Amino acid sequence: MKFKIKLHTQIIIGLLLGAVFGSIFHVNQNKLVYISAGNEIVSEDWSEVSFIRKDSVINTFDSKAQISIIKIFKSIRDKKESDDLKISIAYPDGRKEMIENVTAVSKVSSIGVMLKPIGDIFIRLLTMIAVPLVLSSLIVGAASLSDLKHIAKIGGKTIGFYAMTAVMAITIGLFFANVIHPGKFMPEENRKRLMETFQEDAQSKIEENIDLDIVDFIVNIVPKNPFRAIADGNFLQIVFFSILTGIFLSQINSETAKTLLGFFDGISTTMILIVEKIMVIAPYAVFTLISATVAEFGFNILQTLLLYSLTVVIGLAVLTFVEYPLLLKLFTKMSVFKFFKSQEQVIAVAFSTSSSAATLPVTMDICEKKLGVPNRIASFVLPLGTTINMDGTALYQAVAAMFIAQVYGFDLNLTQQITIVLTAALAAIGTAPVPGIGLIMLIIVLRSVGVPTEGIALIIGVDRLLDMCRTVPNVIADSLACVVIASSENELGELNVD
Ligand code: ASP
């Protein structure tokens with residue numbers, strides 16, 4: 001008998017091996033290459049690096065400051081102030097080195113990150129499918145929900161469920177931020193270093209100038225041009241357009257309408273089929289993505305922000321492994337173990353891609369084939385959930401806002417914390433289901449409680465890692481909602497989880 005490992009197990013193995021590979025072949029955090037007059041000068045294990053201009057030291061860095069050295073050099077160079085800059089490097093054995101005319105400073109890459117293009121192709125393939133899938137499946141989904149009343153009922157339940165879980169998630173986040181107080185323990189020196197290092201990154205995000213005006217927000221859900229919404233991947237607008245089209249397509253009783261529905265149904269089925277084929281490379285892709293992230297991740301920064309990162313991760317763990325099972329038990333008869341077992345692929349893809357949109361095609365496939373959710377519910381609830389339901393992101397935004405406030409010495413009172421609940425819930429709805437947007441939307445939450453927005457510089461360094469973590473509950477909650485709603489409609493089919 002031929003022994004075959006199941007795909008979801010292969011993906012988990014890929015993930016674990018990727019983490020091991022990435023940590024073995026990690027990018028050396030104490031090694032830098034300086035380009036000076038076309039020559040590469042490699043420096044390793046320094047004890048201190050100083051930037052000197054006109055005989056005075058403008059910055060000094062210790063042995064752990066690899067990222068700061070790169071970023072601050074870049075900002076000096078971008079301001080065209082690097083011409084007369086000298087870099088002095090001191091080593092523990094007393095040696096000193098002086099480099100002039102430096103044009104670039106970078107890390108030395110490793111094999112751990114070199115395979116990443118395979119992972120990037122995987123993410124692009126899944127993202128390529130997301131928009132046509134949301135469009136076609138929502139049109140078919142909305143059209144198959146027989147009448148307006150039915151759509152309103154399912155839509156109301158879906159939005160209600162999502163709103164409830166978002167508020168619960170934010171409350172969990174605020175609870176842990178209040179109990180652990182991660183921001184109270186940050187030494188002033190670390191704060192300064194983080195602010196200095198990530199100031200420019202933070203500024204460019206703040207400049208995106210995001211404001212949350214509820215009226216504007218609602219107005220903007222209506223696309224002026226649905227084709228532009230599709231081209232830009234504006235999920236909220238695509239959702240709006242597709243639901244409307246689906247509803248009214250089902251009202252037309254003609255052959256043309258049937259043909260059109262058949263057309264969208266064909267697109268949606270084809271997309272799901274493509275996903276199943278793409279998933280064949282998932283174990284390798286996940287391996288390369290995780291390996292690259294682990295290899296490149298600045299664990300020095302993680303140390304500085306350990307308490308904050310732990311607060312977010314503990315909150316996300318409670319959300320995923322306490323709140324969700326409770327809701328599953330409360331609203332359905334499904335086994336918690338089987339539910340989570342079915343989610344293995346979904347979790348691995350969400351974690352390695354940090355994108356709910358890229359994960360959507362996989363979630364859809366699993367919900368229909370393994371959890372017994374009928375297509376008409378899955379194709380309505382999941383695209384909507386991917387777009388508006390981001391419990392993990394909402395929780396993270398609440399903790400991040402509290403953390404930044406604590407570092408700056410603000411004591412947020414109850415009213416301000418309630419403001420965080422409301423704005424984080426809305427900000428999470430407005431967050432596009434792609435990597436890193438949660439951080440940008442955090443600016444809205446900070447503004448709402450008067451915390452300095454440049455404070456996001458403090459947390460940018462660990463955002464990639466936390467993005468991976470928060471995307472997991474974001475997508476599990478979509479599957480959960482799907483099961484809960486199908487069960488409430490008595491439409492949950494056979495479980496097919498092994
Ligand atoms: N990466 C998240 C997602 O796709 C969004 C975010 O929090 O940045 O669900």
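Atoms within a ligand are numbered from 1 in the order they appear, just like the ligands themselves. Computed from a predicted model, the values in this text were never measured in an experiment. We number each residue from 1, following the sequence as shown.
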In terms of atom number and element, which parts of ligand 1 are under 4.0 angstrom from non-hydrogen atoms of [X]?
X	answer
S355	4 (O)
P433	4 (O)
N474	2 (C), 3 (C), 9 (O)
G436	8 (O)

Indicate yes or no: does an N/O atom of [X] lie under 3.5 Å from an N/O atom of ligand 1?
X	value
M390	no
I437	yes
S354	yes

If you measure from CD1 on I456 to CG on L194, what distance do you get to the nearest 0.5 Å?
->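 Here the interatomic distance stands at 13.0 Å.
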
Donor-acceptor pair between [X] and [Y] side chains, under 3.5 angstrom:
X	Y	answer
D391	T165	yes
Q417	N178	yes
T453	R447	no

Qualifying residue, where the test is side chain to side chain donor-acceptor pair (under 3.5 Å) with T393 and the options are N474, T431, D467 |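 Of the listed residues N474, T431, D467, the side chain to side chain donor-acceptor pair (under 3.5 Å) partner of T393 is N474.
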
Does the cation-pi check pass for R191 over Y408, that is, NZ or CZ under 6.0 Å from the six-membered ring centre and within 45° of its axis?
->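 Yes.
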
Taking the minimum heavy-atom distance to atom 9 (O) of ligand 1, which of P435, S356, A428 ranks first?
->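 Of the listed residues, S356 has the closest heavy atom.
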
Could you tell me the residue and atom name of the protein heavy atom closest to atom 8 (O) of ligand 1, and the distance to it rounded to 0.1 Å?
->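 Closest protein heavy atom to atom 8 (O) of ligand 1: G438 N, 2.7 Å.
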
How does V434 reach ligand 1, if at all, at less than 4.0 Å between non-hydrogen atoms: by side chain, backbone, both, or neither?
->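 The part of V434 near ligand 1 is the backbone, not the side chain.
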
Between F321 and F340, is the ring centre distance below 6.0 Å?
->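 Yes: the rings meet the under 6.0 Å criterion.
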
